[in-house]
Amino acid sequence: MKIGIIIGSVRDDRKGDDVGSWLSKLAQSRDTDMTYELVDLRQFDLPVLTSATVPGAANRQYDDERVTRWGQKIDGYDGFIFVTPEYNHGVPGGFKNAFDVIYPEWVKKAVAFVSYGAMSGSRAVEAWRPVVANADMYDIRAQVALSTFSEFDGETFTPADRNADEAADLFDSLEAATTALATLRS
Ligand SMILES: Cc1cc2nc3c(=O)[nH]c(=O)nc-3n(C[C@H](O)[C@H](O)[C@H](O)COP(=O)(O)O)c2cc1C
């Protein structure tokens, strides 16, 4: 089974790159049958949702080929880690749009959150949870919350040892839920 680690910022010089790479390295070092892959939202150049057909009713037939490609990518994963910054005390608009433009590709899959921000991105994660619930996703309680003050020394990302321990808890829970939820989709 496959888990996608989605870098959800599309900004130039984003902090999300460092966080995603760190997390991916930890994931690759795990003794598990689960495969982890980095998914870079920026590679998909997604349009803002304008389609008249609600994505949940589109039967995976989207108006824009960039959305189709994104949907196919997400369809290939059984679970996710959302690497999310916090913008204006909420979820980043580009990432939310990427969530909104498709629908069945998310349904009945597990999702965990790794966040960062001045308050470690906690408010963004609390904003994400009801969003993913609308796609019948199972959101993992364990999270890694990184402070842009203590874990980022200026531009340099220096995670604390405890962050790796938190990530290990997150991976454990996510892998168990990902395996369990596959039975609901079959
Ligand atoms: C539009 C915008 C809004 C932001 N709002 C918040 C915020 O509400 N809380 C916070 O902790 N940081 C906020 N920040 C600062 C981000 O945490 C910081 O810029 C971080 O590097 C963003 O992640 P990224 O570089 O991966 O895009 C905001 C940044 C942007 C660009």
Side-chain angles (χ1 to χ4, degrees), residues 1-10 14-44 46 55-56 60 67-85 91 95 98-99 101-116 120-122 124-126 128-146 151 157-186:
M1 286 205 245
K2 282 171 69 177
I3 291 177
I5 301 173
I6 303 178
I7 299 177
S9 169
V10 293
R14 59 191 174 183
K15 285 191 168 54
D17 276 328
D18 286 341
V19 178
S21 305
W22 168 75
L23 199 64
S24 179
K25 258 186 221 136
L26 290 176
Q28 307 307 334
S29 70
R30 284 176 68 76
D31 182 15
T32 173
D33 292 340
M34 212 58 78
T35 302
Y36 287 88
E37 281 179 7
L38 267 181
V39 179
D40 181 355
L41 187 53
R42 196 154 62 185
Q43 307 276 314
F44 292 84
L46 287 171
R60 290 180 166 81
V67 178
T68 302
R69 194 175 143 246
W70 171 242
Q72 288 168 347
K73 183 76 177 170
I74 295 305
D75 244 347
Y77 295 106
D78 302 287
F80 302 95
I81 301 175
F82 284 8
V83 177
T84 184
V91 305
F95 199 178
F99 190 84
V101 290
I102 57 176
Y103 182 78
E105 296 84 349
W106 301 115
V107 170
K108 291 187 169 49
K109 296 178 180 176
V111 57
F113 300 96
V114 173
S115 62
Y116 50 99
S120 308
S122 317
V125 174
E126 290 308 302
W128 269 118
R129 291 186 187 280
V131 173
V132 299
N134 191 52
D136 255 350
M137 298 182 86
Y138 181 90
D139 59 316
I140 301 299
R141 177 180 180 274
Q143 72 187 72
V144 181
L146 304 159
E151 270 81 68
F157 177 46
T158 317
D161 290 344
R162 76 179 153 75
N163 297 136
D165 296 339
E166 290 159 357
D169 287 344
L170 179 151
F171 290 133
D172 286 345
S173 297
L174 178 62
E175 289 172 15
T178 297
T179 303
L181 282 166
T183 61
L184 295 182
R185 296 197 304 279
S186 57

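Being a predicted model, the structure only gives us computed values, none of them experimental. Residues: numbered from 1 along the sequence shown.
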Distance from L41 atom CG to S9 atom OG, nearest 0.5 Å? 8.5 Å
Working to the nearest 0.5 Å, report the span between OH of Y103 and CG of D136. 6.0 Å
Hey, could you give me the CD/OG1 distance between Q28 and T35, rounded to the nearest 0.5 Å? 8.5 Å
Could you tell me whether the side chain of S29 and the main chain of L26 form a donor-acceptor pair under 3.5 Å? yes
R69 charged N/C atom sitting above F44 aromatic ring, 6.0 Å / 45°: yes
Just by modelled atom types, is the K2 backbone N or O under 3.5 Å from a matching donor or acceptor in the D78 side chain? yes
Step-by-step side chain to side chain contact (heavy atoms under 4.5 Å, CB included) determination, K73 to V39: CA-CA 9 Å; K73 183 76 177 170; V39 179; 4.2 Å; yes
Candidate pair Q43 and V10, rule side chain to side chain contact (heavy atoms under 4.5 Å, CB included), full reasoning: CA-CA 9 Å; Q43 307 276 314; V10 293; over 6 Å; no
Where is the tightest heavy-atom contact between Y77 and I3, given as atom of each residue plus distance? CD2-C, 3.6 Å
Nearest heavy-atom contact between P104 and P55 is CD-O, 4.1 Å
Flag, side chain of E166 to backbone of A164, donor-acceptor distance under 3.5 Å: no
dist S24:OG -> E37:CD (nearest 0.5 Å) comes out at 9.5 Å
Any salt bridge between K109 and D139, counting N to O under 4.0 Å? no
Flag, side chain of T179 to backbone of E175, donor-acceptor distance under 3.5 Å: yes
CA sep, side-chain torsions, deciding dist, call: L146, N163, side chain to side chain contact (heavy atoms under 4.5 Å, CB included): CA-CA 8 Å; L146 304 159; N163 297 136; 3.6 Å; yes
Any idea which heavy atoms bring G71 and I102 closest together, and the distance? CA-CG2, 3.9 Å
Out of the candidates D18, I6, L23, only one should pair with V83 under the side chain to side chain contact (heavy atoms under 4.5 Å, CB included) rule; please name it. L23
Hey, what's the ring geometry for F99 with W106, parallel, tilted or perpendicular (30° and 60° as the breaks)? parallel
Expected output: side-chain Y116 to main-chain G16 donor-acceptor under 3.5 Å: yes
Would you say W70's side chain and A98's backbone share a donor-acceptor pair under 3.5 angstrom? yes
Close aromatic pair by centroid cut-off 6.0 Å: Y36 and F171: yes
Check whether more than 12 heavy atoms from other residues, nucleotides or ligands sit under 6.0 Å from atom CZ of R185, and answer yes or no. yes
If you round to the nearest 0.5 Å, how far is CG of L38 from CD1 of I81? 9.5 Å
Mind checking whether M1 and D33 have side chains closer than 4.5 Å, heavy atoms only? no
Quick check: does any side chain N or O of S115 sit under 3.5 Å from a backbone N or O of S120, one acting as donor and the other as acceptor? yes
Ion pair R14/D40, N-O distance below 4.0 Å: yes
In terms of heavy-atom contacts, V111 and L174 come closest through N-CD1, 4.1 Å
Please tell me if the side chains of V132 and F113 come closer than 4.5 Å, counting only heavy atoms from C-beta onward. yes
Under 4.0 Å between a Lys/Arg side-chain N and an Asp/Glu carboxylate O for K15 and E151? no
Worked verdict on R60 versus E105 for side chain to side chain contact (heavy atoms under 4.5 Å, CB included): CA-CA 8 Å; R60 290 180 166 81; E105 296 84 349; 3.6 Å; yes
When the ring planes of F82 and W128 are compared, do they come out parallel, tilted or perpendicular, using 30° and 60° as the limits? perpendicular
How long is the gap from OH on Y138 to OG on S173, to the nearest 0.5 Å? 7.5 Å
Heavy atoms only: give me the nearest V91-A124 pair and the separation to one decimal. CG1-O, 3.6 Å
Over all heavy atoms of both residues, which pair between K108 and L181 is shortest? Give the atoms and the distance, please. O-CB, 3.6 Å
